[in-house]
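The sequence lines fix the lettering, A, B, ..., with proteins before strands; numbering per chain opens at 1. Owing to the predicted nature of the structure, the values given are computational and were not obtained by experimental measurement.
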Amino acid sequence: AEDTGVRVELNEEDDGEKVSIALKLWVEDPKKLKGKYKDTGAIEFTFDLVNEVPEVVAQEMVESGFFLDCDVKVVGKSIRDRVALIKWRRERTVSSGN
Amino acid sequence: GETAQVVHSAGRKFIVSPVPEARLKEP
């Protein structure tokens, strides 16, 4: 995935089945953000892999004061990339099991 | 480390925790 300066990792082991999964997001390189970033730490949250949209969660983070509006796209993309990877791994696991 | 909880109006919980230092610069 592209290096956005925002890192998103799994915050629990993926059993390959649960729809809602715990993620952890933190800023690895503040220089890649357009807005001035407050060093608040890592943000833990749960994400519904089926029903939720990464950009909506990013917008909620903006509204909660973690990021500025100008960075909503980069935060959303970072979450989207991680979610895509989780889904890809799951598909690969399922297909290799068949 | 210290943690703080922020609940967005949509009901989502954000928990702020220390950045995992060992994982800051993974290759």
Side-chain angles (χ1 to χ4, degrees), chain A residues 1-13 19-33 37-67 69 71-72 75-76 78-79 81-83 85, chain B:
Chain A
E2 186 187 329
D3 183 7
T4 58
V6 178
R7 194 164 182 101
V8 184
E9 294 283 350
L10 277 169
N11 202 29
E12 65 178 339
E13 199 164 323
V19 172
S20 186
I21 197 151
L23 298 176
K24 190 173 208 171
L25 177 151
W26 68 94
V27 175
E28 201 169 47
D29 187 356
K31 286 180 292 220
K32 292 200 171 170
L33 296 178
Y37 170 70
K38 288 182 291 180
D39 188 13
T40 45
I43 305 163
E44 299 176 19
F45 60 101
T46 56
F47 185 85
D48 186 318
L49 293 166
V50 176
N51 300 306
E52 287 193 310
V53 179
E55 285 75 10
V56 172
V57 181
Q59 185 62 41
E60 291 176 7
M61 288 183 180
V62 169
E63 289 165 10
S64 298
F66 293 113
F67 296 99
D69 200 41
D71 289 316
V72 70
V75 175
S78 305
I79 300 171
D81 284 351
R82 174 58 57 184
V83 166
L85 183 63
Chain B
E2 289 180 17
T3 59
Q5 188 170 299
V6 176
V7 181
H8 184 257
S9 55
R12 184 187 308 280
K13 268 188 221 167
F14 293 120
I15 296 168
V16 180
S17 63
V19 171
E21 283 183 32
R23 299 163 73 184
L24 262 177
K25 284 291 172 189
E26 274 184 2

> For B:V6, which residues count as a side-chain contact (heavy atoms from CB on, under 4.5 Å) partner, sequence neighbours excluded?
Replying inline: A:S64, A:F66, B:F14
> Closest approach of A:A42 and B:P18, non-hydrogen atoms and distance?
Replying inline: CB-O, 4.0 Å
>> Could you measure the distance from the CE atom of A:M61 to the NE2 atom of B:H8? Nearest 0.5 Å is fine.
In response: 10.5 Å
> More than 12 non-hydrogen atoms from neighbouring residues, nucleotides or ligands closer than 6.0 Å to CD on A:E13, yes or no?
Replying inline: no
> Does the pair B:S9 and A:E60 meet the rule for a side-chain contact (heavy atoms from CB on, under 4.5 Å), with working shown?
Replying inline: CA-CA 8 Å; B:S9 55; A:E60 291 176 7; over 6 Å; no
>> Report which part of A:V56 has an atom under 4.5 Å of a heavy atom belonging to chain B: side chain, backbone, both, or neither.
In response: neither
>> Is it true that, when you exclude A:K32 itself, more than 12 heavy atoms of the residues, nucleotides or ligands shown sit nearer than 6.0 Å to its NZ?
In response: yes
> Considering residues at least two apart in sequence or located in another chain, which fulfil the side-chain contact (heavy atoms from CB on, under 4.5 Å) criterion with A:L49?
Replying inline: A:I21, A:F47, A:V83, A:I86, A:K87, A:R90
>> Using a strict threshold of under 4.0 Å (side-chain N to carboxylate O), is an ion pair present between A:E63 and B:R12?
In response: no
